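Everything quoted here is computed from the prediction, not taken from an experiment. Worth knowing before you read on, the calculation uses all heavy atoms, side chains too, and leaves out hydrogens, waters and symmetry mates.
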Amino acid sequence: SDKWICLRGRAAFCHDAKLLAALLTDGYEATAALRDRGVMVPIIALTGNALDEDQRKFVEAGANEVLTKPVRREHLEDTLRLYTRFGRTE
């Protein structure tokens with residue numbers, strides 16, 4: 001299967017987007033590594049760091065969006081709709 005999930009800094013394939021959870025590893029490095037490998041799908045970083053500087057680092061590393069944990073389901077779904085075909089019936 002060409003589906004992966006990006007968790008704990010381990011890159012993974014996904015059809016429409018990558019969700020990167022910055023847990024105990026360096027999510028900035030994982031994001032940059034995905035971009036360096038030519039991954040062009042949207043990267044949505046999930047982090048517990050609410051500081052503007054932390055979010056800026058993700059964007060500089062190549063993330064399209066940064067969500068701060070705990071993430072509200074509605075906010076995640078809205079973000080997925082923005083960057084993917086999530087919820088579309090086509």
S.K.: Quick check for you: to the nearest 0.5 Å, what is the distance between L67 atom CG and D78 atom CG?
M.R.: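 One finds 10.0 Å between CG of L67 and CG of D78.
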
S.K.: I need the minimum non-hydrogen distance between T68 and A50, along with the two atoms involved.
M.R.: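 Looks like CG2-CB, 3.9 Å.
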
S.K.: Between the side chain of R35 and the main-chain N/O of V39, is any donor-acceptor distance below 3.5 Å?
M.R.: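 Yes, R35 side chain to V39 backbone: donor-acceptor pair under 3.5 Å.
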
S.K.: Heavy-atom distance under 4.5 Å between the side chains of H75 and T79, does that happen here?
M.R.: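 Result yes, sub-4.5 Å side-chain heavy-atom pair found.
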
S.K.: Just to verify, what does E53 make a side chain to side chain contact (heavy atoms under 4.5 Å, CB included) with, not counting sequence neighbours?
M.R.: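 If we apply the side chain to side chain contact (heavy atoms under 4.5 Å, CB included) test to E53, skipping adjacent residues, the hits are R56, K57.
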
S.K.: So, using side chain to side chain contact (heavy atoms under 4.5 Å, CB included) as the criterion, who are the partners of V59 when residues are at least two apart?
M.R.: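 With neighbours one apart ignored, the set is V66.
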
S.K.: Would you indicate whether D52, at its atom CG, is surrounded by more than 12 heavy atoms from other residues, nucleotides or ligands within a distance under 6.0 Å?
M.R.: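 Counting neighbours around CG of D52, 12 or fewer heavy atoms of other residues, nucleotides or ligands fall under 6.0 Å, so no.
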
S.K.: Any side-chain heavy atom of L34 sitting closer than 4.5 Å to one from I43?
M.R.: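 L34 vs I43: side chains touch.
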
S.K.: CG/N64 to CE/M40 distance, rounded to the nearest 0.5 angstrom?
M.R.: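 The CG atom of N64 sits 9.0 Å away from the CE atom of M40.
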
S.K.: Nearest heavy-atom pair of F58 and A45: which atoms, and what distance?
M.R.: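 Scanning both residues, the minimum pair turns out to be CD2-CB, 3.5 Å.
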
S.K.: With sequence neighbours excluded, what pairs up with N49 under the side chain to side chain contact (heavy atoms under 4.5 Å, CB included) test?
M.R.: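 Partners of N49 under the side chain to side chain contact (heavy atoms under 4.5 Å, CB included) test: Y28, T47, D54.
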
